[in-house]
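Here, residue 1 is the first one in the sequence, and each next residue gets the next number.
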Amino acid sequence: MAITSLTPEQAQTRLSELTVVDVRTPGEFASGHLPGALNVPLDSLDQALDALKAAAGRGPLLVVCASGARSGQACERLSALGVEVATLSGGTQAWAKGGRDVHKPGGRREIWAMDRQVRFTAGSLVLAGVVAGAFWKPALVLSGGVAAGLVYSAVSNSCAMAAMLSKLPHNRPRTGDLDAALAALKG
């Protein structure tokens with residue numbers, strides 16, 4: 001099944017007919033998402049498959065993330081299972097950059113986007129390796145390992161560090177939030 005890509009302009013004109021599924025972590029979702037979006041983190045996609053199929057049976061699904069990379073992965077997985085989906089090109093970043101409405105629930109602390117969390121963690125590890133390497137040369141291996149991981153991440157278009165960071169408590173869905181999203185998808 002072919003995966004459709006919608007520009008923010010196209011998605012905005014069709015927003016009322018789309019079921020928007022945001023596959024970012026709950027923390028990222030809380031920091032701002034498309035109006036009416038439901039949060040189903042990428043690592044919960046298999047758990048949500050029946051609900052996503054039900055929603056797709058009622059109308060088009062638009063899968064979004066921060067930049068379009070994770071939503072592309074989600075669309076590939078869903079499309080392979082026979083679910084008709086579209087992705088938002090450029091993700092919520094492109095959506096917001098165009099001055100479109102971004103919903104930010106009140107009372108929740110803003111969580112950094114996953115790519116920012118990865119950059120911070122990778123940079124911190126490299127810096128720690130370089131500083132420690134000034135005193136103990138074998139510590140430089142840490143910096144080299146992080147660099148190798150970043151190169152592999154770019155080549156494979158996957159990110160083990162993001163997968164690990166998504167397991168941190170501030171990036172995990174509260175059970176009620178995911179259950180509510182699945183219930184809404186099932187209609």
* To do: Measure from the side-chain N and O atoms of Arg58 to the backbone N and O of Leu185, and report whether any donor-acceptor pair falls under 3.5 Å.
  => yes
* Asked: Looking only at atom types and distance, does a side-chain atom of Ser89 sit under 3.5 Å from a main-chain N or O of Ser5, one as donor and one as acceptor?
  -> no
* To do: Mark yes when over 12 heavy atoms from residues, nucleotides or ligands other than Gln12 sit less than 6.0 Å from its CD; otherwise mark no.
  => yes
* To do: Report yes or no: does Asp22 contribute a side-chain atom to a donor-acceptor pair with the main-chain N or O of Leu38 at less than 3.5 Å?
  => no
* Asked: Minimum heavy-atom separation for Glu28 to Trp112, with atom names?
  -> CG-O, 3.6 Å
* Transitive ILVMFWY side-chain link Leu34 to Leu178, under 4.5 Å -> no
* Donor-acceptor contact present, side-chain Ser71 to main-chain Val64, <3.5 Å -> no
* Give a yes or no answer on whether the side chain of Thr121 reaches the backbone of Gln117 with a donor-acceptor pair at less than 3.5 Å. => yes
* Asked: Taking the side chain from Thr19 and the backbone from Ala55, do they hold a donor-acceptor pair closer than 3.5 Å?
  -> no
* Asked: Backbone N or O of Tyr152 within a donor-acceptor pair of the Ser156 side chain at under 3.5 Å?
  -> yes
* Asked: With no hydrogens and no angle check, is any side-chain donor or acceptor of Arg77 less than 3.5 Å from a backbone partner on Gln73?
  -> no
* Check ion pair Lys167-Asp43 (N to O, under 4.0 angstrom) -> yes
* SB check Glu9 Arg100 (cutoff 4.0 Å) -> yes
* With side chains defined as the heavy atoms from C-beta onward, is the minimum distance between Pro8 and Leu88 less than 4.5 Å? -> yes
* Backbone N or O of Asp101 within a donor-acceptor pair of the Trp95 side chain at under 3.5 Å? -> yes
* Check Ala66 against Arg24 and note the closest heavy-atom contact, atom names and distance. => N-CD, 3.2 Å
* Counterpart residues, side-chain contact (heavy atoms from CB on, under 4.5 Å), relative to Glu76 (two or more places apart) -> Ile3
* So, do Leu6 and Arg14 sit near enough that their side-chain heavy atoms are less than 4.5 Å apart? -> yes
* **Side-chain donor/acceptor of Thr7 to backbone N/O of Gln10, under 3.5 Å** => yes
* pair Pro41-Ser166: side-chain heavy atoms closer than 4.5 Å -> no
